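Everything on this sheet refers to the single structure shown next.
Counting begins at 1 with the first residue of the sequence. Small disclaimer: the values here were computed from a predicted structure and weren't measured.
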Amino acid sequence: MVKHEHESTAALRRAALFRALAPAALTRLALKATALSLPRGKHLYRSGERCAGLYTVVNGRVMLSIGAPRGASKVIELIGPGGHIGLAAVVLGVPETVTAETLADSTLLLIPREALLACAADNSEFALQLIAALCRQVCGLISDIEAFSLRSGRERVANYLLQIAAADGEWARPITLPAKKSVIASRLSLTPEYFSRMLHELIATGTIAVDGRRITVLDPNRLRGTSH
């Protein structure tokens, strides 16, 4: 129990959503959390199901997607370590609108809805953090709509590579795509063939180098010029 408490508390402390919590409140929340070790390809939940609580990714990666009646799907987001899943549905108490599936062997913490809301009720700063996180999700969705509606596929690819390179912090160091190229293409609302063609064009101009899922940005300025 003590080991679980320490590990869960440390994992929550690394997640941006919980950094404003006082140590005592963080520990109480960690005691309510359930640690889950899930293999690749495991569904946390499917669209239309009620989520048991808020998931925080400790390690691994989770894909959020929506499906169509014909079986096609669209990737909405890729969530890595420190990220959270299911916040809007948990706060509203409504069924999930997306499907969550692990893309790699993953460890997550599941915080029950009642514990999360009770913590927010007792901690105004944490409640503001939840509001801010929901607002960031809305802003992200608006940015996606803008990109899919007004930006070319080439601009979307370039901007995505800039984002993950900036998050890595080292332009000269290879960055690794967080999922296989077909998943990234779906995230950008592109076909896998078009995504691959854009990568080859960037390779041909000396902008990037590609080795499987590892990409090195050779000319950041040229890539920025391509992104808009």
Give me each pair satisfying ring-ring contact (aromatic ring centres under 6.0 Å, His included) with a member in residues 84-116, each pair once, sequence neighbours excluded. none
Looking at [atom1] of [X] and [atom2] of [Y], how far apart are the two atoms once the value is rounded to the nearest 0.5 Å?
X    : Y    : atom1 : atom2 : answer
S152 : L190 : OG    : CG    : 9.0 Å
S189 : R156 : OG    : CZ    : 6.0 Å
D219 : R224 : CG    : CZ    : 9.0 Å
I111 : Y55  : CD1   : OH    : 11.5 Å
L218 : T207 : CG    : OG1   : 8.0 Å
K180 : S186 : NZ    : OG    : 11.0 Å

Identify, with sequence neighbours excluded, every residue that meets salt bridge (charged side-chain N to carboxylate O under 4.0 Å, His left out) alongside R187. E77, D144
In the single-linkage hydrophobic clustering (I, L, V, M, F, W, Y; side-chain heavy atoms under 4.5 Å), do [X] and [Y] co-cluster?
X    : Y    : answer
F126 : L117 : no
V94  : L134 : no
L161 : F148 : no

Please report, to 0.1 Å, the donor-acceptor pairs under 3.5 Å made by any side chain of residues 12-25, with sequence neighbours excluded.
residue, atom, partner, partner atom, Å
R19, NH2, R14, O, 3.0

Using a 6.0 Å cut-off, check whether atom [atom1] of [X] has over 12 heavy atoms from anything other than its own residue.
X    : atom1 : result
R46  : CZ    : no
E201 : CD    : yes
K74  : NZ    : yes

Nearest heavy-atom neighbours spanning [X] and [Y]:
X    : Y    : value
Y160 : I184 : OH-CD1, 3.3 Å
T205 : L202 : OG1-O, 3.1 Å
Q137 : A88  : OE1-CB, 4.4 Å
G48  : P95  : O-CB, 3.4 Å
G53  : C51  : O-SG, 2.7 Å
L29  : A115 : CD1-O, 3.7 Å

Go through the steps for L38 and V62 under the test side-chain contact (heavy atoms from CB on, under 4.5 Å), then give the verdict. CA-CA 10 Å; L38 303 177; V62 177; over 6 Å; no
Any non-hydrogen side-chain atom of [X] less than 4.5 Å from a side-chain atom of [Y]?
X    : Y    : result
I164 : L177 : yes
E96  : S47  : no
V183 : M63  : yes
L31  : S8   : no

Tell me the salt bridge (charged side-chain N to carboxylate O under 4.0 Å, His left out) pairs involving residues 79-91, sequence neighbours left out? none
The complete set of side chain to side chain donor-acceptor pair (under 3.5 Å) pairs with one or both residues in residues 102-115, sequence neighbours excluded, reads N59-T107
With no hydrogens and no angle check, is any side-chain donor or acceptor of N123 less than 3.5 Å from a backbone partner on C119? yes
Are the side chain of R50 and the backbone N or O of G93 linked by a donor-acceptor pair below 3.5 Å? yes
Steps toward side-chain contact (heavy atoms from CB on, under 4.5 Å) verdict (L108, L110): CA-CA 6 Å; L108 304 98; L110 173 59; over 6 Å; no
In the hydrophobic clustering that connects Ile, Leu, Val, Met, Phe, Trp and Tyr at side-chain heavy-atom distances below 4.5 Å, which members other than L128 occupy its cluster, ordered by chain and number? I131
Evaluate L109 against V58 for side-chain contact (heavy atoms from CB on, under 4.5 Å), listing each step before the verdict. CA-CA 7 Å; L109 288 176; V58 179; 4.0 Å; yes
